[in-house]
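A short worksheet on the structure shown next.
Chain naming here is simple, since letters A, B, ... match the order of the sequence lines and numbering starts at 1 in each.
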Protein chains: 2
Amino acid sequence: MLVFFRPHPLRSAACALAALALMAGPSASLAQDEAAVRTAEQLRDRALEGSIAYDLVSELTTRFGPRLAGSASEQAAAAWGADTFRSLGFVGVAVESFPLALWTRGETRVEIVGDFQQPLAAVSLGGSIATPADGIEGDAAIFETYEALLAQPEGALAGKIAVVLQDTVQAQDGRGYGATSPIRGQGPTEAGRRGAVGFVLRSLGTHDHRFAHTGATRVGEGTIPAFAISPPDADQIRRIIRTTEAPIRLRLFSTAGFTRDSLSQNVVGEVRGRERPDEVIVIGGHLDSWDLGTGAIDDGAGVAITAAALKLIEDLPQNPRRTIRVVWWGSEEVSQPPPAAGLAGARFYASSRADMVAGHVAASESDFGAGPVYSLALPAGAAATPFRQAAMRVLTPLGILFDPVPATGGGPDTGPLTAMGVPAFRLNQDGTDYFDYHHTADDVLDRIDPEELDQNVAAWAAFLWLLAESDIDFRALRPAARVP
Amino acid sequence: MLVFFRPHPLRSAACALAALALMAGPSASLAQDEAAVRTAEQLRDRALEGSIAYDLVSELTTRFGPRLAGSASEQAAAAWGADTFRSLGFVGVAVESFPLALWTRGETRVEIVGDFQQPLAAVSLGGSIATPADGIEGDAAIFETYEALLAQPEGALAGKIAVVLQDTVQAQDGRGYGATSPIRGQGPTEAGRRGAVGFVLRSLGTHDHRFAHTGATRVGEGTIPAFAISPPDADQIRRIIRTTEAPIRLRLFSTAGFTRDSLSQNVVGEVRGRERPDEVIVIGGHLDSWDLGTGAIDDGAGVAITAAALKLIEDLPQNPRRTIRVVWWGSEEVSQPPPAAGLAGARFYASSRADMVAGHVAASESDFGAGPVYSLALPAGAAATPFRQAAMRVLTPLGILFDPVPATGGGPDTGPLTAMGVPAFRLNQDGTDYFDYHHTADDVLDRIDPEELDQNVAAWAAFLWLLAESDIDFRALRPAARVP
């Protein structure tokens, strides 16, 4: 048993160090700990010399282009994924299919009519319904903030097209997107509830280029056709309303909708644990993408990083003690409601393994682009463990710091697992420019820096080895679990 | 008469300085010279404090959006332009209309079919004809260079879709675009002549974002439907052909074409010369734009820079000796052939003034975006004149150098005038990033830096004052004119 991986209740690193000295087992165990660190360092350094990640994301995006949830392209990519897993030496490879209604974008047009007549750069939101065949025309009810829309009473927007111009703030950890994504998710429903006949939002992007961003909107009772315009078009509307008292008149047209029953799927493969094969660490990314780009940063990068990391581990002379499973989830972006937009593959993975979830010792997804990892977040209670010390010994040279805020989730597709009690960790990536490209036509291979991608692989491979060699039980560390 | 404006045949600056000392006229003339320089410096400095240029380009692009040649939007912008000229105090204001066939883009789709099935980000080239209603499908004949296509014998491309992937090199003066623009202009005709049924080129852009660039193609006998794909899509094709021996199959669809007779127009206005009103300096930009963006850098910027510069001169207590005329040319980008794609307004301006062209002492257009001016180019023979010295005294503090290569043209819309013997000068702008945005949907107001725009206004206003106060005769300086 590896000493530094044994969980204990001390919280401060200083105490942990003292405890380590006091509690140290026989020298053979300490040597084993050091061996694990050394192997993790080797994995890290091998990744930095060049992993297969860039080749994987290049082949995925070049061969299949966009991979819309439930599309033939996503299905073909999944078949390729399973072949790839087998060729990498992973075991237990399977394509796990589930039914899914296919949403398609069709045609989209958004324009100002009357005064200031001009077309706007726009896309339909994912999951949006179509307009009537002759479109929707109406005066714009324009809000600088979502809160201002929510402050409107019922009926206040009758016959209007609601327009929300709120900016998405740029932030390294993507919290700007966290703040505005409810506008996209709930905005159409909230506007429809107040009588609006159409919904337009400023794209949830942090750039000033003429790309409109798609992304899922919640579709339910009373939903209305929903669109995003590019940031420069939102600013164009701001300029127009400063020059005129008259309402801006908009015309919307879309043929979007859920068109037919189809199939989506998860691809799974693993490196089986040599001692505790039923203790599973689940990692991965999502194989589907939006239809506008080729899904290189969202989420070809995560798919490639996690598989490349596992391949480095598979190449070692012996497997780790625990199982590491990579899942390329299907249909993360959009799926027919209810119960929710997106995450269909994640829900299927978790629900079809309800009896095995107790054996999932940790879960994490790489789904925040291809920027470098800058921090490690562990579950609550793990900060003061020797495991954390070992991890930071290996990760610090990659420019990675320890995040003082515990991980409460491991990424979108681990959400259903987290809800079932599976602990999460995160290798947080620098996403400063992620929302410049995310969900746009510009999400293509050109956005990926191979060296930054390999820094991710280095972090994942090294961390996974340490975690899979250890017997740390994150569940046992939970504060709640220690209260009688 | 201003001494330093008197042309003389000495070529080197050192000689010119010596000559100036020897040939200096009466002190009253020297004082006048100094007064002209001081006024030019004042104009320069006022512009740097903030001109009306940004307001003009903002209003133009916000109010009218895209201004396709011959469209209702271009017509409305021209009417606004004439009102604007009058409100600025310009005289002789007129909208000069001419007939033009309206080209419209309609719908466009370019996709890979079969293996590697995926849509590509593409636009129709300006002036392109439509495909048949059910599109065109064919194997791609792919060329890394235009020369490789031209090396093909007649019939070699029968039934194929010709694809040229040649890159456009980034260069401060735009010469990369000069090298590749023949591919767009002549490529479809050359490919059609060799049997191709469709033509696709890598966008003439210097970026790696998913914007396809439009731009005029020459339409004549045997022309074929012509498209541009974005740079990342061209690189996608490069990756595909490295992985497969099989031909790539493409499917093209377009409803583009010249659809109906319309009108376009030039807008003219001037500040009349107080002593030599018939000696005209013609400046301006083009009011039309492509339909994808709002034509902010191409050429709202030039339209705004030249009018704002003239407005600063109009504000002075007295007019310059010569007339300065600003022309906002119509239909620079596209017009029905023959004889040529584009420049319809420029040709109309020149041909309708054939008897007055001898009075045009110089012509120049601002049509290279909104980047700062970095050099002044004068007609051949002007390098060694005191006029050049005066100009550089005023322009050097703006970061502008004297271009050792004489100006042979003053910009696209002055081409017909140059052909009729009118001398040209150029205030060359830094266009390093111009072809990142030019002719794309991303050519919007956000691309313009107001301070850089005002640096342009400063250069134009100062230079124009010096030229309009002088009696330099560029025609007389021509080397050919000095050979008996």
Going by salt bridge (Lys or Arg N to Asp or Glu O under 4.0 Å), name the residues that satisfy it together with B:Asp449, two or more places apart in sequence or in a different chain.
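Here no residue qualifies.
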Applying salt bridge (Lys or Arg N to Asp or Glu O under 4.0 Å), can you list everything that pairs with B:Glu107, at least two apart in sequence or on another chain?
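Partners of B:Glu107 under the salt bridge (Lys or Arg N to Asp or Glu O under 4.0 Å) test: B:Arg109.
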With chain B, which of A:Leu120, A:Val444, A:Asp115 has the greatest number of heavy-atom pairs at distances under 4.5 Å?
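Of the candidates given, the most pairs with chain B belong to A:Val444.
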So which of A:Asp235, A:Asp233, A:Ile240 has the largest heavy-atom pair count under 4.5 angstrom toward chain B?
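Sorted descending by pairs with chain B, the first entry is A:Ile240.
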Quick check: do A:Leu445 and B:Arg239 have side-chain heavy atoms less than 4.5 Å from each other?
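Touching, per the 4.5 Å side-chain cut-off.
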Contact check, side chains of A:Arg447 and B:Asp208, non-hydrogen atoms, under 4.5 Å
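Yes - at least one pair of side-chain heavy atoms lies under 4.5 Å apart.
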Considering only heavy atoms, which portion of B:Ala121 lies under 4.5 Å from any heavy atom of chain A: side chain, backbone, both, or neither?
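Contact with chain A: none, neither part.
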Contact origin within B:Gln117 toward chain A - heavy atom pairs under 4.5 Å:
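Only the backbone of B:Gln117 comes within 4.5 Å of chain A.
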Heavy atom to heavy atom, less than 4.5 Å: which residues from residues 51-69 of chain B reach chain A?
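Against chain A, the residues of residues 51-69 of chain B that fall inside the cut-off (heavy atoms, under 4.5 Å) are B:Ser58, B:Thr61, B:Thr62, B:Arg63, B:Phe64, B:Gly65, B:Pro66.
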Measuring from B:Arg210:CZ to A:Asp443:CG, what's the distance to the nearest 0.5 Å?
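The CZ atom of B:Arg210 sits 9.5 Å away from the CG atom of A:Asp443.
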Salt bridge (charged side-chain N to carboxylate O under 4.0 Å, His left out) contacts touching residues 291-301 of chain B (sequence neighbours left out)
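Output for this query lists B:Arg105-B:Asp291.
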